[in-house]
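Side chains are part of it too, since the values below use all heavy atoms of this structure and drop only hydrogens, waters and symmetry mates. Keep in mind that this is a model prediction, so the values were computed, not measured. Order of the sequence lines fixes the chain letters, A, B, ..., with proteins taken first and strands second; residue numbering starts at 1 for each chain.
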Amino acid sequence: MSLKIYNTRTKKKETFKPLRAGGVGIYVCGITAYDICHAGHARSAVVFDVIKKYLQYRSYEVTYVKNFTDLDDKIIKKAISEGVSRGISEIADRYIRTYNEDMDALGVDRPTISPRATEHIDGMISLINTLLQKGLAYVVDGDVYYAVEKWKDYGKLSGRTLEDLMAGARVEVNEKKRNPLDFALWKASKEGEPWWDSPWGRGRPGWHIECSVMSQRFLGDTFDIHGGGEDLIFPHHENEIAQSEGASGKPLANFWIHNGFVRIKGEKMSKSLGNTFTIKDMLKNYHPEVLRLFMLTSHYRGPLDFSDDSLDEARLGMDRFYATLKNIRDVPASEMDYSQIFLEKLQGRHREVCDRLAVLSEKFLEAMDDDFNTARAIGYTFDAARLINGYMTDEQFTVCPETLFVLHRAKIYFEEVGRILGLFLDEPDNYFCRARDRKVGESGLDVKEIECLIKERVAAREAKDWEKADEIRRLLAEKRVSLKDTPAGTTWEIE
RNA sequence: GGCGGCAUAGCCAAGUGGCUAAGGCAGCGGUCUGCAAAACCGUUAUUCUCCGGUUCGAGUCCGGAUGCCGCCUCCA
């Protein structure tokens, strides 16, 4: 089996081969730290987190670099509007902190390296110098521009030619530029803006140059995977290629991966449309793994439409998984020893379940190998849940060494899948309590009162006083509390 | 205007030219259950927006039409 990845550069799925056997270098363009993160940031982060986790599962040593843009017009604007004393770094620090909180909550692993643009100004100046020496850039009044006409491959990532771009030019008029498509590598600072000394006077870097410098610094001239949201294909990544390849003469990245956008009611979610919702808001209403499951049940390259209904649906799916996990865990394993059970010795249903689980496990990996098809992979995982539920609710089911062996296998299956997707990491009881407690908080109900009534009902049921039991059920139902009688006792939740 | 993507059941969503078009949610029938819930079993697309073409064979490839969306301006 080999991993295939869709490469934006070639518009094809290609077999993945790392430059260095056993190791993979990934660079993903990170956030500009000037505001609270929204669902779009979450999607991108989760997608690349799963890609990273899967590569690690496949035994690659992954170096994952994701930058923070901590120097930018929007940050400057925010600092000015807030009259912040320490300027842009205070703004950037604040939003980097909230970003990290959000990512930790979502179960997104921290990157291997998270460099900040302002830490690499020297590198940017030296890269711009190289581009000037190579005749790919020019200086005008303290600004430095990249001359796109001098770079033969300009447009190769986004599939556009200079003529295409000219034809559709919606570019601001800037008389300093020789070609309207030229972009700034360095900008002379205006009054009140942060600045750094450079051979071209006091100024600050353009947007694209930081990624060229930081990726080269940590991953080398050429590395394996470069990723980001699909909106970055043009101009950001196109310009990165022009800068990096123009300077080094070597390909920047072998694979370009771009995730699709988050939408609301069919429209792109974006700050300019004002239809964003933040990660923090979503986490108030949903378990983080519900959000992950939702994002991973459609393919990373396609659009993903967020709505309360679709998130609620994802929650039901997640409930299903955790119910299965709870059932497995609640089997009284006690002291029963199954160390003498081996797959080869198993027969009948036990053997059949193990075999089918093994097939599902294989199919899961096949799906992941096919351009990280998490949607299909999760489909097989639902099959596995049904398989195990069926096994456990069968009337022949009894707790015995064979059963424990099979359930142990199931547990391993879910752990393996969960490690790759970043799911099933919570304790089942905790998962359900979190959901319930959240609702209790909203409804203002008294937990002690509810549990007291449940105790009464349990007693009534033991006395086979069905009338009283039903009366209590009805009483609680009026408060939107629904009861479930299971072999392990009565549980409750809020509708 | 230039470039590109998408269109699959009531809804969400996979689908790599060839066995019966994954999976989830909702619905319906059943098993189980004191009732209920969960779970399980069965069922729900003779067909993949429409029209042509290539092929022994197309949801999948090609051309066209329609509709929706994105990039070309900061954006994940």
Measure distances between side-chain N and O atoms of A:D470 and base N and O atoms of B:rG34, and say whether any donor-acceptor pair falls under 3.5 Å.
-> yes

Please tell me which of A:L387 and A:G266 maps to the more 5' nucleotide of RNA chain B, matching each residue to the nucleotide holding its nearest heavy atom.
-> A:L387

Aromatic ring of A:F382 stacked on base six-ring of B:rG23, 5.5 Å, 30° = no

So what is the 5' to 3' dot-bracket string for RNA chain B, if pairs are Watson-Crick or G-U wobble with both distances under 3.5 Å, crossing pairs use [ ] and | means the partner sits on another strand?
-> (((((((..(((.....[....))).(((((.......))))).....(((((..]....))))))))))))....

When we call it a touch if two heavy atoms are under 4.0 Å apart, what does A:K11 touch: a base, just sugar-phosphate, or nothing?
-> sugar-phosphate

Rounded to whole angstrom units, what separation is found between the NE2 atom of A:H258 and the P atom of B:rC71?
-> 14 Å

Quick one: A:D485 CG to B:rA39 P, roughly how many Å, whole number?
-> 16 Å

Nearest-Å distance once atom C1' is located in both B:rU46 and B:rG52 | 22 Å

Between protein and nucleic acid, restricted to nucleotides 11-14 of chain B and to nitrogen or oxygen atoms under 3.5 Å apart, what atom pairs and distances do you find?
from	atom 1	to	atom 2	distance (Å)
B:rA14	OP1	A:H299	N	2.7
B:rA14	O3'	A:N373	ND2	3.0

Touch class at under 4.0 angstrom, heavy-atom based, for A:M269 against every strand present = base

Between atom CG in A:D465 and atom C1' in B:rC35, what is the gap in whole Å?
-> 13 Å

Are side-chain N/O atoms of A:E230 and A:N259 paired as donor and acceptor at under 3.5 Å?
-> no

Expressed as a whole number of Å, how far does the C1' atom of B:rG59 sit from that of B:rC50?
-> 14 Å

State which of B:rC72, B:rG34, B:rA76 makes the closest approach to the side chain of A:L165.
-> B:rC72

RNA chain B: 5'-proximal contact among A:D231 and A:F234 (nearest heavy atom) | A:F234

Closest to the side chain of A:L316, out of B:rA76, B:rG70, B:rA26, is B:rA26

Distance, C1' atom - from B:rC61 to B:rG2, rounded to whole angstrom = 27 Å

For the residue pair A:F183 and A:Y154, categorise the inter-ring angle as parallel (less than 30°), tilted (30 to 60°) or perpendicular (more than 60°).
-> parallel

Whole-Å P distance, B:rU31 and B:rG18 = 41 Å

How about A:T278 and A:D281: does a side-chain donor come under 3.5 Å of a side-chain acceptor?
-> yes

Select base, sugar-phosphate, or nothing to describe what A:G229 touches, counting heavy atoms under 4.0 Å on all strands.
-> sugar-phosphate

What distance, rounded to whole Å, do you find between the two C1' atoms, one in B:rU49 and one in B:rG57?
-> 23 Å

Between A:E416 and A:K411, is there a side-chain N and carboxylate O pair less than 4.0 Å apart?
-> no

Winner on side-chain proximity to A:P235, out of B:rC35, B:rC72, B:rC40, is B:rC72

Within the structure shown, what part of the strands sits under 4.0 Å from A:V28 by heavy-atom distance: base, sugar-phosphate, or nothing?
-> nothing

Before accepting this row, confirm whether a basic side-chain N of the pair A:E14/A:K4 lies closer than 4.0 Å to the acidic partner's carboxylate O.
-> no

Using atom C1' of each nucleotide, how far apart are B:rG30 and B:rC19 to the nearest Å?
-> 30 Å

Could you check how far CZ of A:R301 sits from C1' of B:rU16, rounded to whole Å?
-> 12 Å

Kindly indicate whether the side chain of A:R457 and the base of B:rG34 share any N or O donor-acceptor pair separated by less than 3.5 Å?
-> yes

Base, sugar-phosphate alone, or nothing: which one does A:K271 contact when heavy atoms must sit under 4.0 Å apart?
-> nothing

Between A:F277 and A:F306, does the ring centre distance come in under 6.0 Å?
-> yes

Is the closest side-chain donor-acceptor distance between A:D109 and A:Y64 under 3.5 Å?
-> no

Would you mind classifying the nucleic acid contact of A:L483 as base, sugar-phosphate or nothing, using non-hydrogen atoms under 4.0 angstrom?
-> base

A:N275 has an atom CG; how far is it from atom P of B:rG70, in whole Å?
-> 10 Å

Indicate the ring-plane relationship of A:H287 and A:Y322, choosing parallel, tilted or perpendicular according to the 30° and 60° boundaries.
-> tilted

Those residues at least two apart in sequence (or on a different chain) that pass side chain to side chain donor-acceptor pair (under 3.5 Å) with A:T393 are none

Measure centre to centre between the rings of A:F321 and A:F382, then say whether the value is under 6.0 Å.
-> yes

Phosphate oxygens OP1/OP2 of B:rG24: is one of them under 4.0 Å from a side-chain N or O of A:R320?
-> yes

Mark yes or no for a side-chain to base donor-acceptor pair under 3.5 Å between A:R386 and B:rC40, with no hydrogen or angle criteria applied.
-> no

Determine the interatomic distance between C1' on B:rU47 and the same-named atom on B:rA22; round to the nearest Å.
-> 16 Å

Here the distance between atom C1' of B:rG23 and atom CE of A:M368, to the nearest Å, is 16 Å

Would A:D143 and A:Y145 count as having a side-chain donor-acceptor pair, cut-off 3.5 Å?
-> yes

To the side chain of A:Y380, which of B:rA76, B:rC72, B:rA22 is closest?
-> B:rA22

Mind checking the C1' distance from B:rU66 to B:rC74? Whole angstroms is fine.
-> 33 Å

With respect to the phosphate group of B:rA76, does any side-chain polar atom (N or O) of A:N259 fall under 4.0 Å of OP1 or OP2?
-> no

Can you tell me if A:D70 and A:Y95 form a side-chain donor-acceptor pair at under 3.5 Å?
-> no

Provide, to the nearest angstrom, the distance between the CG atom belonging to A:N327 and the P atom belonging to B:rA37.
-> 17 Å

Protein-nucleotide distance (A:Y391, atom OH; B:rA38, atom P), rounded to Å = 24 Å

Does any donor atom in the side chain of A:H258 or A:Y6 lie under 3.5 Å from an acceptor atom in the other side chain?
-> no

Polar pair under 3.5 Å, donor/acceptor by atom type, side chain A:R43, base B:rA76 = no

